[in-house]
Amino acid sequence: MLQPRVFVKSKNKVYDVAELHFDIKIVAYENGVDFNYPNVHFKKVEFMENTGFKDKNGKYIYEDDIVKNDVNTYTIKRSEGYKVFSMYNGNLYVLLDESICKEIEVIGNIYENKELLEC
């Protein structure tokens with residue numbers, strides 16, 4: 001499994017996941033301070049799945065990321081019930097694949113950078 005990320009609602013911030021405890025529904029996230037990872041219940045986060053693709057700069061692309069190419073800005077969405085990711089700009093879905101990823105750049109995510117979607 002590729003490392004997911006979580007948006008911690010109370011912190012209004014996205015973090016890398018350090019540990020997942022499915023039995024007690026707790027996620028521990030990396031806060032960049034030390035190795036005593038804070039814990040939070042699944043209900044208090046939004047999971048961001050790693051697509052397995054990297055952008056033109058070598059940065060992993062996650063569900064709910066905001067990406068751009070030379071022309072448009074898109075959000076990354078996962079097709080319900082499928083392991084397929086697409087870019088969506090409000091009018092058009094574009095299937096995410098290796099060739100497309102060479103032309104896009106991650107510029108933020110829908111949780112921390114909503115202003116990027118207003119363009």
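Side chains included, hydrogens not; waters and symmetry mates left out as well; all remaining heavy atoms used. Since we're looking at a predicted model, the values are computed, not measured. Heads up: numbering here begins at 1 and tracks the sequence.
No continuous path of ILVMFWY side-chain contacts below 4.5 Å connects Val84 to Tyr93, so the two sit in separate hydrophobic clusters. Follow the hydrophobic side-chain contacts under 4.5 Å out from Ile110 and you reach Tyr62 in the same cluster. One hydrophobic cluster holds both Phe85 and Met87 under the rule that ILVMFWY side chains link at heavy-atom gaps under 4.5 Å. At a threshold of 4.5 Å between side-chain heavy atoms, the hydrophobic network of Ile, Leu, Val, Met, Phe, Trp and Tyr places Val27 and Phe22 in one connected group. Tyr60 and Val14 end up in the same hydrophobic cluster when Ile, Leu, Val, Met, Phe, Trp and Tyr side chains are linked at under 4.5 Å.
For the 3.5 Å distance criterion, the side chains of Gln3 and Asp16 fail to qualify, holding no donor opposite an acceptor. No hydrogens or angles considered: nothing links the side chains of Tyr37 and Asn31 as a donor-acceptor pair under 3.5 Å.
In terms of heavy atoms, Ser99 sits closest to Asp97 at OG-OD1, 2.9 Å. Contact record, Glu30 with Val17: OE2-O, 3.9 Å, taken as the closest heavy-atom pair. When every heavy atom of Asn113 is checked against every heavy atom of Gly108, the shortest pair comes out as OD1-CA, 3.2 Å. Contact between Leu20 and Pro4 at its shortest, heavy atoms only, is CD1-CG, 4.4 Å. Of all heavy-atom pairs spanning Leu2 and Thr51, the tightest one is CD1-C, 4.4 Å.
A centroid separation of 6.0 Å or more is found between the aromatic rings of Tyr88 and Tyr74. Ring centers of Phe42 and Phe47: under 6.0 Å apart, within the cut-off.
Distance alone, capped at 3.5 Å, places no donor-acceptor pair between the Ser86 side chain and the Lys77 backbone. Judged purely by atom type and a 3.5 angstrom limit, His21 has no side-chain atom pairing as donor or acceptor with the backbone of Asp23. No donor-acceptor pair under 3.5 Å is formed between the side chain of Asn57 and the backbone N or O of Lys59.
Note: Asn72 CG to Asn91 CG = 9.0 Å, rounded to the nearest 0.5 Å. To the nearest 0.5 Å, the span separating CD on Glu105 from CD1 on Ile66 amounts to 12.5 Å.
Remark: Arg78 engages Glu49 in a salt bridge, criterion side-chain N to carboxylate O under 4.0 Å. Ion pairing between Lys9 and Glu46 holds under the 4.0 Å rule for side-chain N and carboxylate O.
Test Asp65, Asn12, Asp64 against Tyr111 for side-chain hydrogen bond (donor to acceptor under 3.5 Å, both in side chains) and you get one pass: Asp64.
For the pair Lys13 and Tyr15, the cation-pi criterion (under 6.0 Å, within 45° of the ring axis) is fulfilled.
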Item to check | side chain to side chain contact (heavy atoms under 4.5 Å, CB included) assessment of Val67 paired with Ile107 | outcome: CA-CA 5 Å; Val67 298; Ile107 59 172; 6.0 Å; no
Checklist entry - After noting the C-alpha distance and the side-chain angles of Lys44 and Phe7, does the key distance pass the side chain to side chain contact (heavy atoms under 4.5 Å, CB included) rule? => result CA-CA 9 Å; Lys44 298 186 181 204; Phe7 171 68; over 6 Å; no
Item to check | Working for side chain to side chain contact (heavy atoms under 4.5 Å, CB included), residues Leu96 and Ile76 | outcome: CA-CA 8 Å; Leu96 200 61; Ile76 301 299; 4.2 Å; yes
Checklist entry - Given Asp55 and Lys102, is the salt bridge (charged side-chain N to carboxylate O under 4.0 Å, His left out) satisfied, shown in steps? => result CA-CA 6 Å; Asp55 73 358; Lys102 292 178 183 177; over 6 Å; no
Next on the checklist: Is there a side chain to side chain contact (heavy atoms under 4.5 Å, CB included) between Ile61 and Asn50? Walk through the geometry before answering.
Outcome noted: CA-CA 6 Å; Ile61 301 170; Asn50 189 324; over 6 Å; no
